[in-house]
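Some notes on the structure that comes next.
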Amino acid sequence: MAVQGEDEDAWLDFSLGMGGFADVAVATTPVADKRKVHVRVPPGKLIPVIFLPGIMGSNLRLSRDRQTQLKRSDNLSWGPDKTGDALARRNASPAERQMRLDPDEVEVDRYKVTDNGAERFDATGNETISSDQRHNNVPDDLGDIGKLLVSDPKVDPQHPLASNRQSFTAAQKARARGWSEVMFGSYGDIIKRMEQQLNNMLQGAGENMKVSASWSSKDNPEALVGRPPSSFGGQSGEPLKEDELKKIGDCWYPVHAFGYNWLKSNGDEAKALAPKIDKLVETYSENGFNCPGVILVTHSMGGILARALLRTKHSKLKSKVLGIVHGVMPTTGAAAAYKRMRAGFEGGSLLNVKANIIQGVLGDNGAEVTAVLANAQGGLELLPAAAYGTQWLQVQDQSGKVLATLPQENSVDEIYTLGSRRWWRLINPDWIDPAEQIKMSPKKGGKTKEQIGPEATAERIKEAMRFANAIQDTFHDCTYAHYGSDPDQPAWNEVVWRVVDGDPAAAGPPSTWTLISDDGIGRLRVQGAYGVELQLKLQSPDTAADGTVPVQRSADKVQARIKFVQTGYDHQGSFMNRGAIAATLYGIARIANAYDPAWWAKKDWDYPPQQ
């Protein structure tokens with residue numbers, strides 16, 4: 001609300017209410033107060049912007065049964081923003097990790113609701129904790145963000161109509177939009193920035209309308225009007241113009257976030273997510289807005305999920321996706337997935353607390369990581385797929401001479417599903433089921449051999465690669481993408497096992513070596529011909545990237561109108577980088593401009609909402 005003075009009329013702006021309605025609160029005043037209250041009419045057009053996080057970026061809750069089986073006082077499965085819980089789990093055994101991150105016994109930790117029925121899942125898992133307390137990764141003091149996400153005026157309990165009105169804070173509205181479903185510590189910056197910036201394109205009205213200073217001021221180095229895309233990594237493209245923002249500025253862009261069960265297949269999660277996005281569009285349309293569809297913004301594996309949403313096999317949502325902005329997407333997979341299942345996750349610098357927490361919780365050795373990812377198709381879908389290319393796994397002697405490369409044709413047959421004695425294989429079968437679910441009764445969390453064990457994992461890998469290969473050419477026509485190519489953030493374009501002890505020349509071909517021992521952190525002992533023993537060590541990454549996704553074999557294979565190649569961030573923290581934020585806002589503006597000119601030309605409120 002803006003009041004120009006004690007004797008002047010008041011002007012109010014609509015915001016977006018809890019249920020997706022245009023909402024404005026007007027306080028009644030004494031009869032003697034003769035000031036008028038004017039309300040600015042909101043735009044009739046609305047395009048939701050939906051953020052899809054990466055693997056590990058969605059918060060998960062345990063089922064009631066699994067909470068009981070684990071004898072936990074809460075039902076938290078995965079919530080990296082809760083630093084205390086994450087630190088307490090650093091020393092969890094592989095069996096504990098397996099049981100707590102079981103794809104069949106978790107769901108997205110949504111605000112106040114459950115997707116799979118209250119009989120199986122509880123919203124908080126603890127009667128003494130409210131949903132607002134549970135979802136306080138979006139802090140109570142979030143404050144108003146832009147024009148749409150604002151706290152309702154507090155209701156005077158003495159007012160005669162007080163019982164007719166509920167009052168919600170900006171934080172509660174943000175949680176209801178899904179912001180607390182995701183790792184807010186990593187994604188909060190971009191989510192808040194999109195909400196603020198996209199709903200502040202224009203100032204004034206009619207002949208006095210102009211582009212806001214946050215977009216156009218020459219004194220603001222982050223303003224995008226007139227700023228060459230090359231200044232934030234763009235490989236092509238023209239600067240945004242004021243007329244382009246005037247065209248799309250009289251529209252609301254509420255930002256939503258949708259978590260998903262990242263342990264399950266992205267194809268299955270696309271089927272589950274599509275009706276939610278459909279319902280969101282339908283709700284805004286029923287509330288009087290002209291809402292033609294959504295713009296997706298993705299991080300890492302969220303890009304794989306978004307591409308699955310475009311396939312008719314997984315959803316009928318393609319016509320309602322106006323465009324996609326991909327951030328650091330493992331387009332064809334990442335060799336880091338192989339490395340991590342063999343030798344654990346990497347940590348960050350001493351100051352990178354979030355990276356070190358993730359390493360500790362997901363596992364800093366192969367046994368801890370395999371206990372989770374061997375049973376989770378979502379993670380397996382990030383392995384190098386066919387489009388990643390061949391010969392990405394190398395064996396070298398002490399001098400760096402290449403002795404062998406794999407795969408020659410097919411990673412599934414030549415690496416991923418090989419037996420335990422093949423020293424370069426992906427899966428150690430002894431690491432798949434440390435909790436021994438195969439021996440448990442179903443009531444205690446047991447599973448069948450079709451669900452867990454070497455054969456089940458092999459089938460899961462095959463299905464994961466079928467999915468990854470099926471979407472290799474699936475991209476939205478209106479795609480923008482950014483990714484890191486930073487020498488200070490190297491990733492594995494190829495994974496190298498190097499002989500560090502012994503004589504490989506006397507041991508025969510590497511394919512004949514047999515495994516003696518694997519320490520789970522990147523060191524192997526193998527036996528070659530004539531009993532010759534060798535020690536191999538997995539080498540550090542050496543290709544400029546973002547620490548996870550290599551450029552040449554994966555990130556750069558995205559089919560996009562403009563690619564932004566950037567430096568200055570690691571994979572998980574990419575959306576906290578100014579260049580990545582600029583590329584995201586630029587991409588959204590371009591996608592909105594590319595949408596149907598006839599739709600933009602319509603005047604607000606002179607047409608019925610879409611049916």
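Just so you know, residue 1 is the first one in the sequence shown, and it goes up from there.
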Verify the distance criterion only: is there a donor paired with an acceptor across the side chains of [X] and [Y] at less than 3.5 Å?
X      : Y      : result
Gln472 : Thr332 : no
Gln67  : Arg64  : no
Glu105 : Ser63  : yes
Thr479 : His326 : no

Check whether any side-chain heavy atom of [X] sits under 4.5 Å from a side-chain heavy atom of [Y], and report yes or no.
X      : Y      : answer
Leu382 : Leu373 : no
Glu346 : Arg340 : yes
Gln572 : Thr548 : no
Ile438 : Lys449 : yes
Asn375 : Ile452 : yes
Phe467 : His314 : yes
Lys82  : Asn136 : yes
Leu70  : Glu96  : no

> Is the His135 to Phe184 ring centre distance short of 6.0 Å?
Replying inline: no
Minimum-distance pair of heavy atoms, taken over all atoms of [X] and [Y]:
X      : Y      : answer
Ala270 : Ala308 : CB-CB, 3.8 Å
Ala456 : Gln451 : CB-C, 3.5 Å
Pro454 : Pro429 : CG-CB, 3.9 Å
Ala374 : Met341 : N-CE, 3.8 Å
Asp397 : Pro504 : CB-CG, 3.9 Å
Ser300 : Gly54  : CB-CA, 4.0 Å

Exceeds 12 heavy-atom contacts within 6.0 angstrom, atom [atom1] of [X]:
X      : atom1 : result
Arg72  : CZ    : yes
Glu450 : CD    : yes
Gln391 : CD    : yes
Lys313 : NZ    : no
Glu414 : CD    : yes

Indicate yes or no for a side-chain donor-acceptor contact from [X] to the backbone of [Y] under 3.5 Å, with no hydrogens or angles considered.
X      : Y      : answer
Arg307 : Thr474 : yes
Tyr260 : Pro53  : yes
Asn493 : Val551 : no
Arg553 : Tyr388 : yes
Arg134 : Thr124 : yes
Asp109 : Asn59  : no
Arg97  : Ala92  : yes
Thr390 : Glu409 : no
Asn75  : Asp122 : yes
Trp424 : Ile415 : no

>> The test is side chain to side chain donor-acceptor pair (under 3.5 Å); show your working for Gln377 and Glu463 and say whether it passes.
In response: CA-CA 8 Å; Gln377 188 170 321; Glu463 182 57 35; 4.7 Å; no
>> Can you tell me which residue among Val106, Thr68, Asp102, Asp74 is in a side chain to side chain contact (heavy atoms under 4.5 Å, CB included) with Leu62?
In response: Val106
>> Between Lys264 and Glu269, does the salt bridge (Lys or Arg N to Asp or Glu O under 4.0 Å) criterion hold? Intermediate values first, please.
In response: CA-CA 7 Å; Lys264 288 189 173 183; Glu269 287 304 285; 5.2 Å; no
>> Quick one, Thr312 with Lys318, criterion side-chain contact (heavy atoms from CB on, under 4.5 Å). Give me CA distance, side-chain angles, the key distance, then yes/no.
In response: CA-CA 8 Å; Thr312 54; Lys318 184 176 181 179; over 6 Å; no
>> Please verify the inter-ring angle class for Tyr338 with Trp392; under 30° counts as parallel, over 60° as perpendicular, anything in between as tilted.
In response: perpendicular
Can you measure from [atom1] ([X]) to [atom2] ([Y]) and round to the nearest 0.5 angstrom?
X      : Y      : atom1 : atom2 : value
Arg466 : Ile461 : CZ    : CD1   : 11.5 Å
Ile129 : Ser73  : CD1   : OG    : 7.5 Å
Ile427 : Ile432 : CD1   : CD1   : 5.5 Å
Leu524 : Trp497 : CG    : CH2   : 4.0 Å
Trp431 : Arg342 : CH2   : CZ    : 6.5 Å
Asp433 : Thr370 : CG    : OG1   : 12.5 Å

> Is there a side-chain contact (heavy atoms from CB on, under 4.5 Å) between Leu515 and Arg422 once you walk through the steps?
Replying inline: CA-CA 6 Å; Leu515 183 65; Arg422 303 283 187 166; over 6 Å; no
>> Please determine whether side-chain contact (heavy atoms from CB on, under 4.5 Å) holds for the pair Ile324 and Leu310, giving the CA-CA distance in whole Å, both sets of side-chain angles, and the decisive distance to 0.1 Å.
In response: CA-CA 11 Å; Ile324 305 178; Leu310 302 179; 4.1 Å; yes
> Which side-chain hydrogen bond (donor to acceptor under 3.5 Å, both in side chains) pairs, counting each pair once, include a residue from residues 528-545, with sequence neighbours left out?
Replying inline: Arg523-Gln535, Arg525-Glu533
> Pick one: which of Tyr483, Trp262, Tyr187 meets ring pair (Phe, Tyr, Trp, His ring centres under 6.0 Å) with His299?
Replying inline: Tyr187
>> Using side-chain contact (heavy atoms from CB on, under 4.5 Å), reason through Thr405 and Glu494 one step at a time and then give a plain yes or no.
In response: CA-CA 10 Å; Thr405 59; Glu494 289 86 27; over 6 Å; no
> For Tyr569, what residues pass the side-chain hydrogen bond (donor to acceptor under 3.5 Å, both in side chains) criterion, not counting sequence neighbours?
Replying inline: Gln566
